Amino acid sequence: MCGLVGVVTSNDVGVCLYDTLTVLQHRGQDAAGIMTSDHGKLNLRKDNGLVKDVFHTRHMSRLTGQMGIGHVRYPTAGGTSPALAQPFYVNSPYGLSLAHNGNLTNTAELSRELFKEDLRHMNTDSDSEVLLNIFAHELQRRDKMQPSPEDVFAAITGVHQRCRGAYAAIVMLAGYGIVGFRDRNGIRPLVFGSRKTATGKDYMIASESVALDSQGFDIERDVAPGEAVYIDVNGNLHTHICIEPGEHTPCIFEHVYFARPDSLMDSISVYKARLRMGEKLADKVKRLRPDHDIDVVIPIPDTSRTSALELANRLGLKYREGFVKNRYIGRTFIMPGQNQRRKSVRQKLNAIDLEFSGKKVLLVDDSIVRGTTCRQIIQMAREAGAAKVYFASAAPPIRYPNVYGIDMPAASELIASGRTEKEIEELIGADWLIFQDLDDLIASAREGNPNITRYECSVFDGKYITGDVDEVYLKRLENTRSDSAKMAKKKHGHSNGQSLATEFHVDA
């Protein structure tokens, strides 16, 4: 999962992009990058690390121009080499840079095509670089000195015809404009908006609506599945459906975990969706144990707070903050490597003993993925004096790998894979474990937008929307992207990409 932003404005865009990436930091903490276009001259700064660490005053002073794109990265495909930080760049045609969120499911096939038929060289094993080169090839086929909006849309049609999987992407054409587009199922989110200026309008395309809010942009709407939104360098807006959309199936895990609660996703309030998750989870508690002995509800900060608060309200129980979070530690789930995740839990959370001592507590989390975090948290609650520790997940059991941009590539690393809920309960050491029902999770999101009748729920039900994922594909994915595979690459010094300068200036 990654965060994207693209802006066309009448002023220098660098600070706006920086501020927006800080708002999107929750979507990726591995790397950050910004590329701007200043009358055809490209300026790039990218590196591993948080936004505040990658960009300093000396970098910002060089990120001049009236349009640009930015990216925060959370690694799924590929590894964590600085060469994999985005935006990616190719010089032909025109000078193109790309920021991508998602994952292509036919990357290997496309890489072979690019080399053998399109005569293009890949510098890394990133599917984002593949996506950029597919777009570049399709645009070059138009053979125009200056690309028109129709040329850009035709190239994106070619991308849709060749690429499978999940992708929301923003591409900047040096000196011409930026274009954002979304896969035909709308799996990954993308929204655009505008703000009035003295001379016209500025435009922004981003992963979440909160990015637009933070910079004073009004939301126009979500980019539709299969649609492209092109803003030329003069601030003119062009939109086009580039391929007949499939069934709109946004990723439901955005509502469970990834998105900020103050965002709208496909016109659905993430905050209200999480409130409804808490309501439905409370109803399940009452249905299963009407005579429960829960004394207090305590959330696992931060994502589960909204659901936990509404669960407590509906059950008529006390809601208390029992854990203090160290805000200088990143989001545990998206940290690379199991050892780092395990180590970070104790650094990240500290229990307030008086909220646990002698009480029967219900801990609420957004989901249970590998089980490492919740097992340690339950142990912390017991050490703080809890008489009993119950555990509730606002999401159903995660039993299947994700192939659309979330780092769950190996079923063997998922605690719920091949296990019953009772077995999971015993493994994590809870006195009682309760999961959200999938139908209730879907209903929690769908109530905000009844027009969306289906969600991408493959991690829960094993049904892959794109129809091209089988056991062979999943096994290959596990062999290349599991924690053990990543550790093996690191041990043997595989860089997943050649060294790449993190700053440059190009006259396009």
Side-chain angles (χ1 to χ4, degrees), residues 1-9 13 16-28 51 68-72 74 99-102 166-170 178-183 185-197 201-225 227-231 237 239 248-277 302-303 305-307 331 366 405-406 444-452 455-456:
M1 198 67 59
C2 300
L4 318 176
V5 60
V7 177
V8 177
T9 170
V13 76
C16 177
L17 290 169
Y18 173 90
D19 290 343
T20 306
L21 289 184
T22 62
V23 173
L24 295 173
Q25 184 75 86
H26 62 286
R27 298 189 66 85
V51 175
I69 63 175
H71 187 268
V72 286
Y74 142 65
H100 167 223
N101 175 30
Y167 48 92
I170 302 175
I178 65 170
V179 60
F181 56 97
R182 198 174 178 191
D183 64 77
N185 293 111
I187 298 173
R188 300 268 69 88
L190 201 63
V191 64
F192 74 98
S194 63
R195 65 184 178 192
K196 292 182 179 179
T197 67
K201 282 186 176 182
D202 295 340
Y203 284 95
M204 177 185 287
I205 308 171
S207 295
E208 294 188 30
S209 64
V210 68
L212 283 71
D213 297 338
S214 71
Q215 300 302 306
F217 285 78
D218 295 322
I219 299 169
E220 298 273 349
R221 58 180 173 82
D222 294 278
V223 178
E227 183 183 28
V229 174
Y230 178 58
I231 301 109
L237 174 68
T239 66
H248 189 185
T249 50
C251 175
I252 202 160
F253 214 72
E254 292 279 358
H255 293 282
V256 171
Y257 177 81
F258 275 106
R260 275 181 44 154
D262 45 346
S263 280
L264 296 173
M265 291 273 175
D266 295 297
S267 301
I268 301 167
S269 165
V270 176
Y271 174 75
K272 288 188 175 180
R274 289 177 183 167
L275 283 177
R276 291 188 286 267
M277 291 177 204
D302 285 319
T303 321
R305 278 197 173 107
T306 308
S307 297
R331 299 181 85 178
D366 51 77
I406 302 175
S444 297
R446 188 171 177 235
E447 188 173 328
N449 185 354
N451 293 325
I452 301 175
Y455 287 84
E456 201 294 300

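Computed from a prediction, not measured in an experiment: that's the story for all the values here.
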| query | Residues in side-chain hydrogen bond (donor to acceptor under 3.5 Å, both in side chains) with Thr9, at least two apart? | reply | Asp202

| said: Under the rule for ring-ring contact (aromatic ring centres under 6.0 Å, His included), what residues qualify as partners of Phe192, not counting sequence neighbours? | reply: none

| Which residues pass the side chain to side chain contact (heavy atoms under 4.5 Å, CB included) test with Val256, sequence neighbours left out? | Phe253, Met277, Asp366, Ser367, Ala395, Leu441

| query | How about His255 and Ile268: do any of their side-chain heavy atoms sit closer than 4.5 Å? | reply | yes

| said: With heavy-atom distances below 4.5 Å as the criterion, would you say the side chains of Asp213 and Arg260 are in contact? | reply: no

| field | Min side-chain heavy-atom separation Glu208-His26 under 4.5 Å | value | yes

| Among pairs that include at least one residue of residues 17-26, which meet salt bridge (charged side-chain N to carboxylate O under 4.0 Å, His left out), considering only residues two or more places apart or in two chains? | none

| message | Applying ring-ring contact (aromatic ring centres under 6.0 Å, His included), can you list everything that pairs with Tyr203, at least two apart in sequence or on another chain? | response | none

| task | Would you please name every residue forming a salt bridge (charged side-chain N to carboxylate O under 4.0 Å, His left out) with Asp183, sequence neighbours left out? | result | none

| note | dist Phe258:CZ -> Cys2:SG (nearest 0.5 Å) comes out at 9.5 Å

| field | Minimum heavy-atom distance between Asp266 and Pro250, given as atom pair plus value | value | OD2-CB, 3.4 Å

| field | Counterpart residues, side chain to side chain contact (heavy atoms under 4.5 Å, CB included), relative to Pro189 (two or more places apart) | value | Arg27, Asn101, Glu254, Met265

| remark: For Val179 and Ala228, the nearest pair of non-hydrogen atoms, with its separation, is CG2-CB, 4.1 Å

| field | Heavy-atom side-chain proximity of Arg182 to Asp222 below 4.5 angstrom | value | yes

| remark: Sorted by chain and residue number, the salt bridge (charged side-chain N to carboxylate O under 4.0 Å, His left out) partners of Arg305 (sequence neighbours excluded) come out as Asp302, Glu321

| task | Report yes if the side chains of Cys251 and Tyr455 come closer than 4.5 Å at any heavy-atom pair, otherwise no. | result | no

| Minimum heavy-atom distance Pro225-Gly186, with the two atoms named | CB-N, 3.7 Å

| query | Mind checking what makes side-chain hydrogen bond (donor to acceptor under 3.5 Å, both in side chains) contact with Thr249, not counting sequence neighbours? | reply | none

| Side chains of Ile219 and Leu264: does their closest heavy-atom pair fall under 4.5 Å? | yes

| Who pairs with Thr20 by side chain to side chain contact (heavy atoms under 4.5 Å, CB included), at least two apart in sequence or on another chain? | Val5, Cys16, Leu24, Met204, Ala211, Gln215

| request: Could I get the full list of side chain to side chain contact (heavy atoms under 4.5 Å, CB included) partners for Ala168, not counting sequence neighbours? | output: Leu4, Arg188, Leu190

| said: Checking Lys201 now: which residues fulfil salt bridge (charged side-chain N to carboxylate O under 4.0 Å, His left out) with it, not counting sequence neighbours? | reply: Glu220

